[in-house]
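Everything numeric in this text was worked out from a predicted model, so none of it was measured.
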Amino acid sequence: MDASDEDERILRRRAQATRLASTGQRVGYALLGVALVVFVFGMATGLKSTETTIVVVCLAVAALVLGPAIILGYAAKAADREERTGRTGH
């Protein structure tokens, strides 16, 4: 495997990581939105255990998904930035 093949493989993996991070962020923020809407609806109608369960599950899953997605997104962006500026960082 020569250097151009290795570079192409790295770029493909980085693009895959960027897509995964973007999807994870969309899902995580959507879950936060659902939790907010259900909470407001529940507060307006007398919060029941069903709404409470939905809010708690949405918040828990959002926390599990968003953390790694945000970190992966920052890592991919940093790698792109390093690639553009050169390996020395100047």
Q) Measuring from Leu66:CG to Ile71:CD1, what's the distance to the nearest 0.5 Å? A) 10.5 Å
**Q.** By salt bridge (Lys or Arg N to Asp or Glu O under 4.0 Å) - contacts of Arg14 (at least two apart)
**A.** Asp80, Glu83
Side-chain donor-acceptor distances from residues 24-46 under 3.5 Å, at least two apart:
residue: Gln25; atom: NE2; partner: Ala69; partner atom: O; Å: 3.4
residue: Arg26; atom: NH2; partner: Ser22; partner atom: OG; Å: 2.8
residue: Thr45; atom: OG1; partner: Phe41; partner atom: O; Å: 3.0

Q) Please walk me through it: do Arg12 and Glu8 pass side-chain contact (heavy atoms from CB on, under 4.5 Å)? A) CA-CA 6 Å; Arg12 278 196 314 268; Glu8 182 64 31; 3.2 Å; yes
